[in-house]
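Right, one structure below, let's go through it.
What you see below is based on every heavy atom in this structure, not just the backbone, and it leaves out hydrogens, waters and symmetry mates. In the text below, chain A, chain B and the rest are named by the order of the sequence lines, each starting its count at 1.
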There are 2 protein chains.
Amino acid sequence: MALLKKIFYDYLGEKRLKKTQQRDLILDIFLTAEHHVNVDDLIRRVREIDPSTGYATVYRTVNLFLESGIAQEVRLSDSVRRIEPFYADEHHDHLICIRCGSTTEFFSGQLESAQVAAAADHGFRPLRHSLRIYGLCRKCQEQ
Amino acid sequence: MALLKKIFYDYLGEKRLKKTQQRDLILDIFLTAEHHVNVDDLIRRVREIDPSTGYATVYRTVNLFLESGIAQEVRLSDSVRRIEPFYADEHHDHLICIRCGSTTEFFSGQLESAQVAAAADHGFRPLRHSLRIYGLCRKCQEQ
DNA sequence: ATGGTTGCAAACCTTTTGCATCGGG
DNA sequence: CCCGATGCAAAAGGTTTGCAACCAT
């Protein structure tokens, strides 16, 4: 079974919470969704399969995802709340254009190690991170 | 006059918007507030001086701050929206403990230059950034 | 005078909560 | 069986919008 799924079910067990059909379905859809989803999209997809699912259930389940540590909230330039599965080895570095709103994901090994070093300086044990660099993308600089 | 104030008034001029008593007051309070404020605090402080100020006015003005580029939205571990003046030379690097919620601001020259390099690789012109490293603080690791 | 701005209240949207019913362990 | 989970609808934030009066320019 996938790691995040296991973590989630372990969390349910610890807290004496129940494994239900709805939670299974929401979890599966969440984990197979591309990069990040907002709650509304998630609800829409869940309802394609089980139309009787209530908003409250999805919200409650998403909160469990966050509490259990298998998901994290992401907000980019817009103010829409999105949720994404937390894969420890994934990076969350974005270039965000303040003019056109475009976002580019990137990776830099140098940056990653600088982060680990900075955290170590403070006795901090890093688990994940989010870096956003705001500025002007190539196109918007030309205009 | 302070730089951000000038930028804001220039923005108003460009857009044919007006300089009003309320906007002046809200701007002054915003710029002298410590690090970051949420909109509610801002309203409270504005009303200490001018109790007749409406919520809508403060919200509308805060949105102008964001549009004009003199302010940016910040969200840390909680989901409260905060607004802070954008000082270009300020850094926004935080270590956020996922257990106790404590946040520590830090600075790393190595990190700053790695960011500039990464942006340059994408033809991106960086203006400001926000880095959050989530993990366990020293105290919470010991527990 | 013109057209943007304000305060108020109502509308909106997203998220949470109360409650009776349902269903997992 | 027990107690947590669900669906519904209502409530609760936080933010925006419509409107008539107001006030910079």
Side-chain angles (χ1 to χ4, degrees), chain A residues 5 8-30 36-68 71-84, chain B residues 8-30 36-68 71-83:
Chain A
K5 214 167 199 171
F8 183 63
Y9 287 139
D10 286 353
Y11 179 81
L12 292 184
E14 266 171 46
K15 294 262 180 170
R16 302 277 140 76
L17 302 176
K18 289 169 183 170
K19 185 172 178 306
T20 66
Q21 282 195 344
Q22 288 90 334
R23 285 179 180 164
D24 282 354
L25 174 60
I26 298 168
L27 178 59
D28 279 341
I29 292 181
F30 172 63
H36 29 244
V37 245
N38 61 49
V39 181
D40 222 60
D41 282 342
L42 190 55
I43 291 174
R44 206 167 301 123
R45 294 192 205 183
V46 168
R47 286 197 167 162
E48 282 170 15
I49 295 176
D50 177 0
S52 66
T53 313
Y55 266 73
T57 300
V58 177
Y59 273 105
R60 282 185 281 232
T61 305
V62 164
N63 286 339
L64 287 176
F65 292 167
L66 296 171
E67 286 165 29
S68 69
Q72 72 175 323
E73 249 190 75
V74 180
R75 292 189 201 246
L76 295 181
S77 56
D78 53 0
S79 57
V80 182
R81 177 195 189 200
R82 289 165 207 282
I83 308 295
E84 68 178 28
Chain B
F8 183 63
Y9 288 138
D10 285 354
Y11 179 80
L12 292 185
E14 267 172 45
K15 294 262 179 172
R16 302 277 140 76
L17 303 176
K18 289 168 183 170
K19 184 172 178 305
T20 67
Q21 283 196 344
Q22 288 90 337
R23 285 178 180 164
D24 282 354
L25 174 61
I26 298 167
L27 178 59
D28 279 341
I29 292 181
F30 172 63
H36 31 242
V37 245
N38 61 49
V39 181
D40 224 60
D41 282 342
L42 189 56
I43 291 173
R44 206 167 300 123
R45 294 191 204 184
V46 168
R47 286 197 167 161
E48 283 171 14
I49 295 175
D50 178 0
S52 67
T53 313
Y55 266 72
T57 300
V58 178
Y59 272 105
R60 283 186 279 231
T61 305
V62 164
N63 286 339
L64 288 177
F65 291 166
L66 295 171
E67 286 164 28
S68 69
Q72 73 174 322
E73 250 191 74
V74 180
R75 294 189 200 245
L76 295 179
S77 56
D78 53 2
S79 56
V80 182
R81 177 194 188 200
R82 289 164 206 281
I83 309 295

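- Note on A/N63: only backbone sugar-phosphate atoms sit closer than 4.0 angstrom, heavy atoms only; bases stay farther off.
- Listed here is the closest heavy atom pair of B/L66 and B/A71: CD2-O, 3.6 Å.
- Atom-to-atom, CG of B/D50 to C1' of C/dT5 comes out at 14 Å; the value is rounded to the nearest Å.
- The interatomic distance linking B/L64 (CG) with C/dG4 (C1') rounds to 11 Å, in whole Å.
- Taking atom CZ of residue A/R16 and atom P of nucleotide D/dC2, one finds them 18 Å apart after rounding to whole Å.
- Residues A/L64 and A/R60 are not in side-chain contact: their nearest non-hydrogen atoms beyond the backbone lie 4.5 Å or more apart.
- Using a 4.5 Å heavy-atom cutoff, the side chains of B/V39 and B/Y55 are not in contact.
- An angle of 40°, rounded to 10°, separates the two end axes of the helix from C/dA1-D/dT25 to C/dG25-D/dC1, each defined over five pairs.
- Spacing between atom CZ of A/R44 and atom C1' of C/dT14 amounts to 14 Å, rounded to whole angstrom units.
- A/Q72 is not listed as a side-chain neighbour of A/I83, based on a closest heavy-atom distance of 4.5 Å or more.
- With salt bridges taken as basic N to acidic carboxylate O contacts below 4.0 Å, none links A/R45 and A/D41.
- Protein atom CG of A/N38 is 9 Å distant from nucleotide atom P of C/dT14, rounded to whole Å.
- Here the P atom of nucleotide D/dG14 and the CG atom of B/D40 are 6 Å apart, to the nearest Å.
- Annotation: side chain of B/I29 is in contact with side chain of B/L42 (closest heavy-atom distance under 4.5 Å).
- Using cut-offs of 30° and 60° for the angle between ring planes, the B/F65 and B/F30 rings count as parallel.
- What separates NZ of B/K15 from C1' of D/dT25 is a distance of 19 Å, to the nearest Å.
- Residues B/T57 and B/V46 form no side-chain contact, since every pair of their non-hydrogen atoms from C-beta on lies 4.5 Å or further apart.
- The shortest distance between the side-chain N/O atoms of A/Y59 and the OP1/OP2 oxygens of C/dT15 is below 4.0 Å.
- Summarising the geometry, the separation between CZ on A/F65 and C1' on C/dT15 is reported as 16 Å, rounded to the nearest angstrom.
- Of the candidate nucleotides C/dT15, C/dG18, D/dT15, D/dT15 has the atom lying nearest to any side-chain atom of B/V39.
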Can you list, pair by pair, the side-chain donor-acceptor contacts under 3.5 Å of residues 12-21 of chain B, counting residues two or more places apart and other chains?
{"residue": "B/K19", "atom": "NZ", "partner": "B/D24", "partner atom": "OD2", "Å": "3.1"}
{"residue": "B/T20", "atom": "OG1", "partner": "B/R23", "partner atom": "N", "Å": "3.2"}

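- At a non-hydrogen distance threshold of 4.0 Å, A/L17, A/K18, A/T20, A/Q22, A/R23 from residues 17-26 of chain A come into contact with DNA chain D.
- Between A/A56 and B/R60, the residue anchored nearer the 5' end of DNA chain C, judged by the nucleotide with its closest heavy atom, is B/R60.
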